[in-house]
Undergrad: 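Below: one structure in structure tokens.
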Amino acid sequence: MAVVEVRNLCKHFDGGRVRAIDGIDLATGAGEYLVLLGPSGCGKTTLLRTIAGLEEPTEGDVLIGGQVVTGLPPRARKIAMVFQSYALYPHKSVLANIVFPLRAAGVERGAREERARWAAGLLGIEHLFARKPRQLSGGERQRVALARALVRDPTVFLLDEPLSNLDAKLRTSARDELKRFQQEVGVTTVYVTHDQSEAMGLGDRIAVMSDGRVRQVGAPVEVYDDPADTFVATFIGSPPMNLVPHGDVLLGFRPEHLLPSEHVPGERLPVVLSVQRMEYLSGDRHVYGTVEIGDEPTRVIARLPATVETPVRPGERHEFAISVGRLRFFDTGSGTRTDPVRLASLPAASGLGA
């Protein structure tokens with residue numbers, strides 16, 4: 001049974017002119033870490049808030065634990081939500097912040113403090129009990145917010161961009177802590193982010209969203225290697241997938257699969273790369289240039305790892321290639337994935353490397 005499920009869920013604003021959620025069907029497994037990923041305005045936070053009961057759907061239903069909870073208030077849904085701002089009470093101590101939901105529920109003092117110490121022990125923040133939120137770092141405030149959610153013993157965690165207020169270095173360590181924490185407690189988690197690194201690092205599955213709809217759901221390796229359409233292909237990956245017009249299709253290939261010819265064994269598609277500029281990032285060389293298919297040069301990016309030592313300089317032309325097995329094919333009009341096309345049947349295929 002799915003822990004969280006939405007069926008034909010819609011949320012419209014402004015008299016129906018704005019479709020923040022537009023007919024979504026989605027379900028989580030027990031203990032799953034599901035990440036909602038997409039650009040700003042795609043509907044991911046509205047979807048999370050509708051699951052939580054903070055927004056009422058225009059159409060469709062929300063189910064938690066197999067029960068329809070549409071119309072029920074958040075407190076009746078057995079969920080806990082951590083917001084981007086953490087929403088801690090500034091005048092209360094860390095301990096008082098953590099036990100607040102238990103106190104509001106009438107839990108006896110000894111029991112709520114025992115529960116708070118258990119949650120704080122999981123997150124390593126017991127030593128912070130006497131401090132106020134202003135005395136904490138961003139990462140510490142995040143852990144306090146998680147502990148406050150955890151003491152409620154929820155069926156589902158809903159996390160709305162909880163790392164967005166942290167600096168880049170702290171986000172990396174906090175991401176690791178979040179993953180280990182979720183694995184330890186085993187609670188089904190729905191996590192919202194626009195950061196693909198967070199999504200790829202945290203999610204058991206990723207739901208990629210755009211314009212109020214889910215474009216693809218799958219494991220990180222699946223959405224990266226086999227994107228369902230050109231939106232997913234270019235949103236996931238840094239640098240994004242290259243898309244090159246070729247007859248009636250778009251040829252898609254990841255930058256790390258565009259390599260000097262001598263590094264591409266087996267069946268391959270040869271191209272000539274006209275190098276325009278280069279960047280050195282984390283030991284890799286990012287090579288920006290163009291390839292020509294017929295009379296139309298197309299801008300592409302190649303990512304060369306440190307193990308590829310082929311000299312490549314701006315202003316030069318080099319023989320590169322892509323393994324045929326790494327090519328993905330998309331319809332030029334709709335952008336959706338299509339079946340592989342035999343390269344010999346494509347216009348000018350034999351002239352790509354000429």
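The residues of the chain are indexed from 1 along the displayed sequence.
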Undergrad: Does any N or O in the side chain of Arg143 come within less than 3.5 Å of the main-chain N or O of Ile125, such that one atom is a donor and the other an acceptor?
TA: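 The answer is no, because no donor-acceptor pair under 3.5 Å joins these two groups.
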Undergrad: If we ignore angles and hydrogens, is there a donor and acceptor under 3.5 Å between the side chains of His12 and Arg19?
TA: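 Yes - a donor-acceptor pair under 3.5 Å links their side chains.
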Undergrad: Taking atom types as modelled and ignoring hydrogens, do the side chains of Asp331 and Thr338 form a donor-acceptor contact shorter than 3.5 angstrom?
TA: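 No.
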Undergrad: Verify side chain to side chain contact (heavy atoms under 4.5 Å, CB included) between Val94 and Gln135, making sure each step is shown before the conclusion.
TA: CA-CA 10 Å; Val94 165; Gln135 298 171 301; over 6 Å; no
Undergrad: Look at atom CG of Asp211 and say whether more than 12 heavy atoms of other residues, nucleotides or ligands are closer to it than 6.0 Å.
TA: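 Check fails, neighbour count at 12 or below.
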Undergrad: Under 4.5 Å between any side-chain heavy atoms of Leu54 and Pro74, yes or no?
TA: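 A side-chain contact under 4.5 Å exists here.
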Undergrad: When you measure from the centre of the six-membered ring of Tyr288, is the NZ or CZ of Arg299 under 6.0 Å away and within 45° of the axis?
TA: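 No, cation not above the ring by the 6.0 Å, 45° rule.
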Undergrad: Quick one about Arg268 and Ser323 (side-chain donor to acceptor, distance below 3.5 Å, no hydrogens or angles considered), yes or no?
TA: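 Distance-only check fails for Ser323 and Arg268.
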Undergrad: Please lay out, stage by stage, how Glu256 and Arg303 fare under the test salt bridge (charged side-chain N to carboxylate O under 4.0 Å, His left out).
TA: CA-CA 5 Å; Glu256 62 269 26; Arg303 187 170 73 196; 3.3 Å; yes
Undergrad: Tell me whether Gln216 contacts the main-chain N or O of Asp226 through its side chain, where contact means a donor paired with an acceptor under 3.5 Å.
TA: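 Confirmed, Gln216 side chain pairs with Asp226 backbone.
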Undergrad: Does one side chain, of Asp229 or Thr336, offer a donor that lies under 3.5 Å from an acceptor on the other?
TA: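 No.
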Undergrad: Between Pro39 and His194, is there a side-chain heavy-atom distance shorter than 4.5 Å?
TA: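 His194 does not reach Pro39 side chain to side chain.
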Undergrad: Per the side-chain contact (heavy atoms from CB on, under 4.5 Å) rule, which among Ile98, Leu95, Val99 passes with Arg112?
TA: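 One option only clears the test, and that one is Val99.
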Undergrad: Side chains of Val287 and Ile301: does their closest heavy-atom pair fall under 4.5 Å?
TA: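 No, side chains not in contact.
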Undergrad: Can you tell if the side chain of Gln196 reaches within under 4.5 Å of the side chain of Ser238, non-hydrogen atoms only?
TA: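 When only atoms from C-beta onward are counted, Ser238 and Gln196 do touch, with a gap below 4.5 Å.
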Undergrad: Should Arg254 and Tyr224 count as side-chain neighbours, where that means a heavy-atom distance under 4.5 Å?
TA: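 SC-SC contact between Arg254 and Tyr224 confirmed.
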Undergrad: Measuring only between side-chain heavy atoms, which start at C-beta, is His286 closer than 4.5 Å to Leu304?
TA: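 Contact flag for His286/Leu304 side chains = no.
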Undergrad: Please determine, by modelled atom types, if Gln182 and Tyr191 share a side-chain donor-acceptor pair under 3.5 angstrom.
TA: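 No, Tyr191 and Gln182 have no side-chain donor paired with an acceptor closer than 3.5 Å.
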Undergrad: Just by distance, with hydrogens left out, do Glu262 and Thr310 show a side-chain donor and acceptor under 3.5 Å apart?
TA: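 Yes - a donor-acceptor pair under 3.5 Å links their side chains.
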Undergrad: Please name the residue in the list Val3, Leu47, Leu36, Asp160 that meets the side-chain contact (heavy atoms from CB on, under 4.5 Å) test with Val190.
TA: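 So the option named by the test is Leu36.
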Undergrad: Report, as yes or no, whether the 6.0 Å neighbourhood of atom CZ on Arg205 holds more than 12 heavy atoms from other residues, nucleotides or ligands.
TA: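 Buried by this count: over 12 neighbours within 6.0 Å.
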Undergrad: Answer yes or no: does atom CZ of Arg213 have more than 12 heavy-atom neighbours from other residues, nucleotides or ligands under 6.0 Å?
TA: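 12 or below, so no.
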Undergrad: Leu146 versus Phe157: any side-chain heavy-atom pair under 4.5 Å?
TA: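 Answer no - side chains too far apart.
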Undergrad: Do other residues, nucleotides or ligands put more than 12 heavy atoms under 6.0 Å from the CD atom of Glu56?
TA: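 It does: Glu56 CD has more than 12 such atoms within range.
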Undergrad: Between Asn97 and Lys92 (side chain of the first, backbone of the second, donor and acceptor by atom type, cut-off under 3.5 Å), is there such a pair?
TA: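 Yes, the answer is positive, given that a donor and an acceptor are paired below the 3.5 Å cut-off.
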Undergrad: Would you check, one step at a time, whether the test salt bridge (charged side-chain N to carboxylate O under 4.0 Å, His left out) holds for Glu316 with Arg313?
TA: CA-CA 6 Å; Glu316 297 179 344; Arg313 298 178 182 84; 3.7 Å; yes
Undergrad: Answer yes or no: is there a side-chain heavy-atom contact under 4.5 Å between Phe129 and Ser93?
TA: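 They are not in contact (no side-chain heavy atoms under 4.5 Å apart), so the answer is no.
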